[in-house]
Number of protein chains: 2
Amino acid sequence: MALRYALLGLLTERPASGYDLAKAFEGDLGRYAWQAGHNRIYPELARLVDEGLIERAEEGARGRRVHTITAAGFAELRAWLLQPLVSGAVRNEGVLRLFLLSALDPDDARKLLHEIVTHAEQELARLKDTVSGETPVSPEGRLDFGWLAAGYGLRQYEASRDWAVWALGEFDKAERRQAGRHPAA
Amino acid sequence: MALRYALLGLLTERPASGYDLAKAFEGDLGRYAWQAGHNRIYPELARLVDEGLIERAEEGARGRRVHTITAAGFAELRAWLLQPLVSGAVRNEGVLRLFLLSALDPDDARKLLHEIVTHAEQELARLKDTVSGETPVSPEGRLDFGWLAAGYGLRQYEASRDWAVWALGEFDKAERRQAGRHPAA
DNA sequence: TCTGGATAGGTCCGTATTGACATATCCAAG
DNA sequence: CTTGGATATGTCAATACGGACCTATCCAGA
């Protein structure tokens, strides 16, 4: 159900072809929020057309077909966005790995935590550029999806990094406690 | 593919029945990392047994069958956890809504952002209790999954709240810029 | 004793999703 | 003028998943 809203949302920014939309999912949208390939997008676009939530223009060059959101489509999107906050589907392989970290022995776990910190720092550098560099408004004066997403990603990675640093400290503490309980032979 | 690792990971903490595992997904694990109902869990456990990654004990009361991770299962889990960081499947309806926020007109968007801030504050209060209250180590001296997860959730919600506050500010700025461009009639 | 809630296991069906395959056009660089 | 890469759209089969449904046991409290 979420894919259709992602598509409707993207189409409020500008009319787009399935190909354009597939590319949009390759950015921060796909990294933090929802993923979809063209194979999933084309059938869903067809359904949205059937339901009158979007309109499809005639074929352009290379069979390109541009889609535009309708008033009905916008109403549907708005209803979904404003419905009471429920934590719906959540699926994040990266975070799952973080959670399962304590299954490893301390050396492995620490190695992984250090990697997380390094990785987060890299992403932070990239995102800082995006957030500070890009013009924040669309021609009509609306904030840009990608820019908001980058701002979110930035804070997300800061949180991840801080968590990893905290977890490293906790691993150290736990180990010291164990050492105290079983003094060196 | 991730479900199996989640199950293997949970079984490194302690042997568990399918029912126990289903409950584990109702906590912070399911909220931030990966969701699964018992309808997905039972078939996957059967597959893991077939592949020799876990072992299933005889039936106890109410047909309860306790599963234990094998050495092979642990090796599989470890390999997955230590494999180079790739951003795998990500799916988060809540974050998607945040990203699509700028599709709304400023008043609606602001309303939603305020809700996000309120909601985040509530969750923060709950998580602060968990993180500060619970004993951080298992009997064998290993850090508790749930506790690490709560620590992550805490930082996550802080990031969400900060983002929403930042976004609110940006909406204000954008609106003031628009007002400047089209002075009040 | 009986009843409701928690424990415990499971199936089935429709939809969502992914990976692989397939095709055609446009265009710039060699 | 040809070739490779980007643009563009699709299908199909296999798997993953979620919601709904079903059964049965244990036990505490009314």
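Protein chains get the first letters and strands the later ones, always in sequence-line order, with residue 1 at the start of each.
- If you measure from atom CZ of A/Arg40 to atom C1' of D/dT15, you get 14 Å, rounded to the nearest angstrom.
- Using a 4.0 Å cut-off between charged nitrogen and carboxylate oxygen, B/Glu123 and B/Arg126 count as a salt-bridge pair.
- For B/Met1 and D/dA14, the CE to C1' distance is 12 Å, given to the nearest whole Å.
- Among D/dG10, D/dC21, C/dT18, the nucleotide with an atom closest to any side-chain atom of B/His38 is D/dC21.
- Side-chain atoms of A/Asn39 and base atoms of D/dG10 include no donor and acceptor less than 3.5 Å apart.
- Here the P atom of nucleotide D/dA16 and the CD atom of B/Gln35 are 17 Å apart, to the nearest Å.
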Could you list, one pair per line, each protein nitrogen or oxygen that sits under 3.5 Å from a nitrogen or oxygen of nucleotides 5-8 of chain C, together with the distance?
from  : atom 1 : to      : atom 2 : distance (Å)
C/dT7 : OP2    : B/Tyr19 : OH     : 3.1
C/dA8 : OP1    : B/Arg64 : NH1    : 2.9
C/dA8 : OP2    : B/Arg64 : NH1    : 3.0

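- Put simply, CZ on A/Phe25 is 17 Å from P on D/dA8, counting in whole angstrom units.
- The CD atom of B/Glu93 sits 13 Å away from the C1' atom of C/dA16 (whole-angstrom rounding).
- At a threshold of 4.0 Å, the pair A/Arg110-A/Asp105 does not count as salt-bridged, since none of the basic side-chain nitrogens sits closer than that to a carboxylate oxygen.
- Taking atom CG of A/Leu21 as the reference point, atom P of D/dA8 lies 11 Å away to the nearest angstrom.
- Under 4.0 Å is where a charged nitrogen must lie from a carboxylate oxygen, and between B/Glu170 and B/Lys173 at least one such pair does.
- Within residues 2-14 of chain B, no residue has a heavy atom under 4.0 Å from DNA chain C.
- A/Phe145 and B/Val90 are members of different hydrophobic clusters when ILVMFWY side chains are connected at heavy-atom separations under 4.5 Å.
- Salt bridge B/Arg64/B/Asp20: present, at least one basic N to carboxylate O contact under 4.0 Å.
- The side chain of A/Arg47 has C/dA16 as its nearest neighbour among C/dA16, C/dT17, D/dC17.
- Rounded to an integer number of Å, the gap from CD of B/Glu44 to P of D/dG18 is 13 Å.
- B/Arg142 and B/Glu13 are not joined by a salt bridge, as no carboxylate oxygen comes within less than 4.0 angstrom of a charged side-chain nitrogen.
- Going from atom CG of B/Leu45 over to atom P of D/dA16 covers 14 Å, rounded to whole Å.
- Using modelled atom types, one finds no donor on one side chain facing an acceptor on the other under 3.5 Å when comparing A/Arg65 with A/Ser17.
- Shown here are the ring-ring contact (aromatic ring centres under 6.0 Å, His included) partners of B/Phe74, two or more places apart in sequence or in another chain: there are none.
- Taking 4.0 Å as the cut-off between side-chain N and carboxylate O, B/Arg155 and A/Glu158 do not count as a salt-bridged pair.
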